[in-house]
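FYI, side chains are in, hydrogens and waters are out, and symmetry mates aren't considered; it's all heavy atoms of this structure.
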Amino acid sequence: MSSKKILIVNFGGMGDILNTTAIACHHKMEDSSTEVDFLTKNKYDFLLRNNIYIDRVISSGSEFDSWGSEVISKYFREKLSFDGYSNVLFAAPYMSPLYDKTERSTLLNIIYEETSGIKEWACDFMPYVFLSEEEINEAEFFISGTSGQIKILIEYEYFSQQSIMDIECILKLCEKFNDPQYDLIFSGKNKPQYLNSLSSKYNCNIYHYSGSFLSNAHLYNYMDLFVGCSSGITCLTASSYCKHDIERLELVRGSHWSTEFWKHLSNRNSFYNKKTFIDFLQ
């Protein structure tokens, strides 16, 4: 019989959901009998499906897709507080009433408040992900087709204004690593229009990886360098699945709540403006 039952509610994006998996791990580490459920949108449940710290993934119906975060939060606080949960947690900035753009609106402070005050973590604070055999094989197959000795993974897709990444940064990377020994792997669902022109202009090997999202975690473990824009792949590659000593260059528009508390990354540089990043490459 479970000593307590908690529900984590997070409707995305992907990086937000990955970050909150640390809460599930914490509660399981503290008391393995705790029942942990996770409620998210249908399109995001794949991020959690194999997570050993989550007992049940509950997928919301599409009717919630158009609801505002405040409405969603109020609805589930009222409904689920009567479903046997000892705690219902909204540890995502857009769902928490604590998100008021002040200094306390950091991921950890929101988690502290939403989880009745986690002060000492029973686990390392990081995303916890688990890959299927198919996802692992997908990344392995891609790597087998690359040719360079030094591999660089570049996250170019992002869905907010949090990153300084742009085409000028991409060009500077290509100039810096303009040699056949380098593989520049651009990872994202949609192939960027500029990729073909880069291939014809530079001597480095340029690839586009459009594999399943979680397979990027396995792909990352083959890398010598990661260039991220503090979006989904940045969060994924900071997970328990990934090596922690790979050199990372993260381009972000100011200190960002999604990454600033990750203490386990030992070889990481953050760039808050484009000039600093370009100067670093030269």
Side-chain angles (χ1 to χ4, degrees), residues 14-15 18-19 21-22 25 47 107 123-132 135-158 162-165 169-170 172-188 204-252 255-272 276-282:
M14 291 192 293
L18 289 169
N19 289 333
T21 57
C25 181
L47 295 169
L107 178 64
C123 62
D124 291 326
F125 179 70
M126 67 175 76
Y128 287 85
V129 298
F130 301 85
L131 273 63
S132 67
E135 289 160 339
I136 292 171
N137 290 340
E138 186 177 22
E140 291 276 352
F141 179 77
F142 177 85
I143 285 294
S144 69
T146 59
S147 58
Q149 293 81 48
I150 303 174
K151 301 189 184 301
I152 302 169
L153 184 65
I154 301 170
E155 175 190 35
Y156 63 88
E157 284 185 332
Y158 55 95
Q162 67 202 31
S163 182
I164 60 172
M165 178 78 83
C169 296
I170 298 295
K172 291 297 181 182
L173 282 167
C174 292
E175 291 170 9
K176 174 70 174 178
F177 302 108
N178 189 23
D179 187 286
Q181 69 175 318
Y182 294 104
D183 288 340
L184 271 61
I185 301 167
F186 291 79
S187 184
C204 48
N205 308 300
I206 293 177
Y207 301 92
H208 176 234
Y209 184 68
S210 59
S212 59
F213 177 74
L214 286 181
S215 68
N216 280 277
H218 194 72
L219 185 70
Y220 174 83
N221 286 337
Y222 283 94
M223 297 298 117
D224 299 286
L225 173 67
F226 170 70
V227 182
C229 54
S230 291
S231 198
I233 294 176
T234 296
C235 297
L236 176 66
T237 55
S239 71
S240 57
Y241 187 91
C242 294
K243 295 179 180 178
H244 297 160
D245 60 349
I246 292 173
E247 184 177 4
R248 297 169 67 93
L249 308 180
E250 297 180 9
L251 286 70
V252 59
S255 185
H256 191 252
W257 67 266
S258 71
T259 61
E260 62 183 349
F261 292 105
W262 292 337
K263 306 301 184 187
H264 60 286
L265 300 176
S266 60
N267 197 3
R268 172 185 172 203
N269 289 286
S270 296
F271 300 91
Y272 300 133
T276 305
F277 175 68
I278 291 173
D279 288 346
F280 177 84
L281 293 178
Q282 292 175 340

- Would you check if Ile150 and Phe177 make a side-chain contact, meaning some heavy-atom pair closer than 4.5 Å? no
- Query: Tell me, do Phe226 and Thr234 make a side-chain contact under 4.5 Å, heavy atoms counted?
  - Reply: yes
- Message: Please check this pair: side chain of Lys243 against backbone of Asn221, looking for a donor-acceptor N/O pair closer than 3.5 Å.
- Response: yes
- Task: With the side chain counted from C-beta on, respond yes when Phe280 and Leu249 share a heavy-atom pair under 4.5 Å apart, and no when they do not.
- Result: yes
- Task: Please report the shortest heavy-atom distance between Trp262 and Asn19, naming the atom on each side.
- Result: CZ2-OD1, 2.9 Å
- Message: Apply side chain to side chain donor-acceptor pair (under 3.5 Å) to residues Asn267 and Asp245 and explain how you reach the verdict.
- Response: CA-CA 5 Å; Asn267 197 3; Asp245 60 349; over 6 Å; no
- Query: Are the side chains of Ser163 and Val252 in touch, meaning some heavy atoms are under 4.5 Å apart?
  - Reply: no
- Note on the structure: Between the CD1 atom in Ile152 and the CG atom in Leu184, the distance rounded to the nearest 0.5 Å is 4.5 Å
- Under 3.5 Å, is there a donor-acceptor pair between the side chain of Glu155 and the main chain of Ile233? yes
- Query: Any sub-3.5 Å donor-acceptor pair from Ser215's side-chain atoms to Ala139's backbone N or O?
  - Reply: no
- Message: With no hydrogens and no angle check, just 3.5 Å: does a side-chain donor-acceptor pair link Tyr220 and Ser187?
- Response: no
- Query: Are Tyr207 and Ser147 close enough that a side-chain donor and a side-chain acceptor fall under 3.5 Å?
  - Reply: yes
- If you measure from CD1 on Ile246 to CG on Leu225, what distance do you get to the nearest 0.5 Å? 9.5 Å
- Query: Looking only at atom types and distance, does a side-chain atom of His218 sit under 3.5 Å from a main-chain N or O of Tyr241, one as donor and one as acceptor?
  - Reply: no
- Item | Note, Leu281 side chain near Leu173 side chain (heavy atom, < 4.5 Å) | yes
- Could you pull out the closest heavy-atom pair between Asn205 and Pro180, with the gap in Å? ND2-O, 2.8 Å
- Drop me the distance from Leu236's CG to Leu131's CG, to the nearest 0.5 angstrom. 7.5 Å
- For the atom pair SG (Cys235) and CE (Met126), what is the distance rounded to the nearest 0.5 Å? 13.5 Å
- side-chain contact (heavy atoms from CB on, under 4.5 Å) evaluation trace for Asn178 with Glu175: CA-CA 5 Å; Asn178 189 23; Glu175 291 170 9; 5.6 Å; no
- Item | Between CZ on residue Phe130 and OG1 on residue Thr21, distance to nearest 0.5 Å | 8.5 Å
- Task: Search all heavy atoms of Ala238 against all heavy atoms of Leu265 and return the closest pair with its distance.
- Result: CB-CD1, 4.1 Å
- So, the side chain of His264 versus the backbone of Ser239: is there a donor-acceptor pair under 3.5 Å, distance only? no
- Task: Can you see which heavy atom on Gly232 is nearest to which on Leu18, and at what distance?
- Result: O-CD1, 4.1 Å
- So, Asn216 side chain and Phe213 main chain: donor-acceptor pair closer than 3.5 Å or not? yes
- Message: Are the side chains of Met165 and Val227 in contact, using a 4.5 Å heavy-atom criterion?
- Response: yes
- Item | Pairwise side-chain contact, Leu47 with Leu214, heavy-atom cut-off 4.5 Å (strictly under) | yes
- Message: Please find the pair of heavy atoms, one from Tyr156 and one from Cys229, that lie closest to each other, and give the distance.
- Response: C-SG, 4.5 Å
- Query: By side-chain hydrogen bond (donor to acceptor under 3.5 Å, both in side chains), which residues pair with Tyr182, not counting sequence neighbours?
  - Reply: none
- Quick one: do Ser212 and Glu138 satisfy side chain to side chain donor-acceptor pair (under 3.5 Å)? Show the steps, please. CA-CA 8 Å; Ser212 59; Glu138 186 177 22; 2.5 Å; yes
- Item | Separation between CZ of Arg248 and CG of Asn269, rounded to the nearest 0.5 Å | 11.0 Å
- Item | Ile164 versus Phe271, closest heavy-atom pair with distance | CD1-O, 3.7 Å
- Query: Do the side chains of Met223 and Thr237 get nearer than 4.5 Å, heavy atoms only?
  - Reply: no
